[in-house]
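First comes the structure, then the notes that go with it.
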Protein chains: 2
Amino acid sequence: MTRPEPTEAPRRQTRQRSAVLALLEQLDGFRTAQDLHALLRERGEAVGLATVYRALQALVDDGLVDVLRGDGEAAYRRCSPVHHHHLVCRSCGRTVEVADPPVERWAARVAAEHGFADVQHQLEVFGTCAACTTAR
Amino acid sequence: MTRPEPTEAPRRQTRQRSAVLALLEQLDGFRTAQDLHALLRERGEAVGLATVYRALQALVDDGLVDVLRGDGEAAYRRCSPVHHHHLVCRSCGRTVEVADPPVERWAARVAAEHGFADVQHQLEVFGTCAACTTAR
DNA sequence: TGTGTTCATGAGAATCATTCTCGCATGACT
DNA sequence: AGTCATGCGAGAATGATTCTCATGAACACA
């Protein structure tokens, strides 16, 4: 009811897509597509930039990766498939996944009060992590 | 301690900036810079696109306008200067400002638990408003 | 109210991330 | 192995935003 998925596209497994996912698995924090592309090249994995974008989109569609839109460029991160939010260090990018049932309920209630239906919400928390705070 | 504002730039009042702000006052919902530019031209207000961007940035810096980054393009809206969040209709763009003390506390607590300092958060709720729901 | 200094404007070029095009390569399935 | 749709790569195209720089307008002060 929330996700009809009419044209269930058969996803094909290729070296490039595996490489992108594998790289994301090792990283901890949000990275831009361009960053990921550069990292792959450094490691000798020859992957085109357009392909990185396509792979990331596919992963996002499959719910394996989350997107964060900072100023101008989008950042991606391997995430758990259950609904959650992020606590992101604005200095080093380290990220913690956090759940918050109260916010879910609050969003639904406020939306209902104003007559809004089919509600979604996005919540991100930014701060400076302990390591970065002491390091300065 | 939260806003040092070291180089308090003297903001100059010009016809163009007033026009942008005046237009935003009349509109209800988030609009892109390009939209605003087009609207101004329709109304006979000759304003350059670059100037619209500059004016919007200034307004955002002054806390008079809020930004929303959808896919690719940023949207702007005249908002109250107190901290709040938005309930946005994804169909017609109509927007309601909502406050939520519990979320504020929750964000602060979760951040503290993970050792994060200097915390900020962004929360937006999207849905379909009553008018758009019945109109379909 | 004149006048100079300084900041703002505008047209178009430049930048930058992202997407598209299209010919070729390669998975998946028989 | 053979077929064939799907994915890939390089570079062009797109589209939003920012920059450049010569000109114009605000503001402070005499």
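Keep in mind that the numbers below use all heavy atoms, side chains included, and drop hydrogens, waters and symmetry copies. Numbered from 1 within each chain, the chains take letters A, B, ... in sequence-line order.
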B:L40 CG to C:dT9 P, straight-line distance once rounded to whole Å: 12 Å
Nearest-angstrom distance from the residue atom OH of B:Y76 to P of D:dA16: 12 Å
From D:dT17, D:dG9, C:dA11, nucleotide with atom closest to A:V47 side chain: D:dG9
Separation of atom CD in B:Q16 from atom C1' in C:dA8, rounded to whole Å: 8 Å
Connected hydrophobic set around B:L49, excluding itself, where side chains approach under 4.5 Å: B:Y53
Angle by which the axis turns from one end of the helix from C:dT1-D:dA30 to C:dT30-D:dA1 to the other, five pairs per end, to 10 degrees: 40°
Under 4.0 Å protein heavy-atom contact, by nucleotide of nucleotides 25-30 of chain C - B base, S sugar-phosphate only: -BBS--
Any A:R54 side-chain N or O less than 4.0 Å from OP1/OP2 of C:dT18: no
Within residues 23-37 of chain B: residues closer than 4.0 Å to DNA chain C (heavy atoms): none
Side-chain heavy atoms of B:R43 within contact of B:L23, under 4.5 Å: yes
Between D:dT17 (C1') and A:D71 (CG): distance, integer Å: 9 Å
Residue list, side chain to side chain contact (heavy atoms under 4.5 Å, CB included) with B:R31, at least two apart or on another chain: B:L27, B:D35, B:L36, B:L39
Pairing residues for B:H85 by the ring pair (Phe, Tyr, Trp, His ring centres under 6.0 Å) criterion, not counting sequence neighbours: B:H83, B:H121
Gap between atoms CG and P, on B:L49 and D:dT20 respectively (whole Å): 17 Å
Qualifying residues under salt bridge (charged side-chain N to carboxylate O under 4.0 Å, His left out), relative to A:R90, sequence neighbours excluded: B:D118
5'-most by nearest nucleotide on DNA chain D - B:A50 or B:G72: B:G72
For A:D28, all residues meeting salt bridge (charged side-chain N to carboxylate O under 4.0 Å, His left out), sequence neighbours excluded: none
Which atom of A:A111 lies closest to which atom of B:L87, heavy atoms considered: CA-CD2, 4.0 Å
Residue B:T51, side-chain atoms from C-beta onward, closest of D:dT17, C:dG10, D:dG9: C:dG10
Set of side chain to side chain donor-acceptor pair (under 3.5 Å) partners for B:E45, sequence neighbours left out: none
Test side chain to side chain donor-acceptor pair (under 3.5 Å) applied to B:R12 - qualifying residues, sequence neighbours left out: none
B:Y53 vs D:dT17: side-chain N/O to OP1/OP2 distance below 4.0 Å: yes
Whole-Å distance separating the CD atom of A:E73 from the P atom of C:dT19: 13 Å
Length of the CZ-C1' vector between B:R17 and C:dG10, whole Å: 14 Å
Per-pair distances, 0.1 Å, donor-acceptor, side chain in residues 63-78 of chain A, under 3.5 Å, sequence neighbours excluded:
residue	atom	partner	partner atom	Å
A:D66	OD2	A:H84	NE2	3.0
A:D66	OD2	A:H86	NE2	3.3
A:R69	NH1	B:D71	OD1	3.4
A:R69	NH2	B:D71	OD1	3.1
A:D71	OD1	B:R69	NH1	3.4
A:D71	OD1	B:R69	NH2	2.9
A:R77	NH1	A:E97	OE2	3.2
A:R78	NE	A:L64	O	2.9
A:R78	NH1	A:E25	OE2	2.6

ILVMFWY clustering at 4.5 Å (side-chain atoms), partners of B:V82: none
Pairwise side-chain contact, B:L56 with B:L24, heavy-atom cut-off 4.5 Å (strictly under): yes
Short side-chain N/O contact to C:dT19 OP1/OP2 from A:Q57, under 4.0 Å: yes
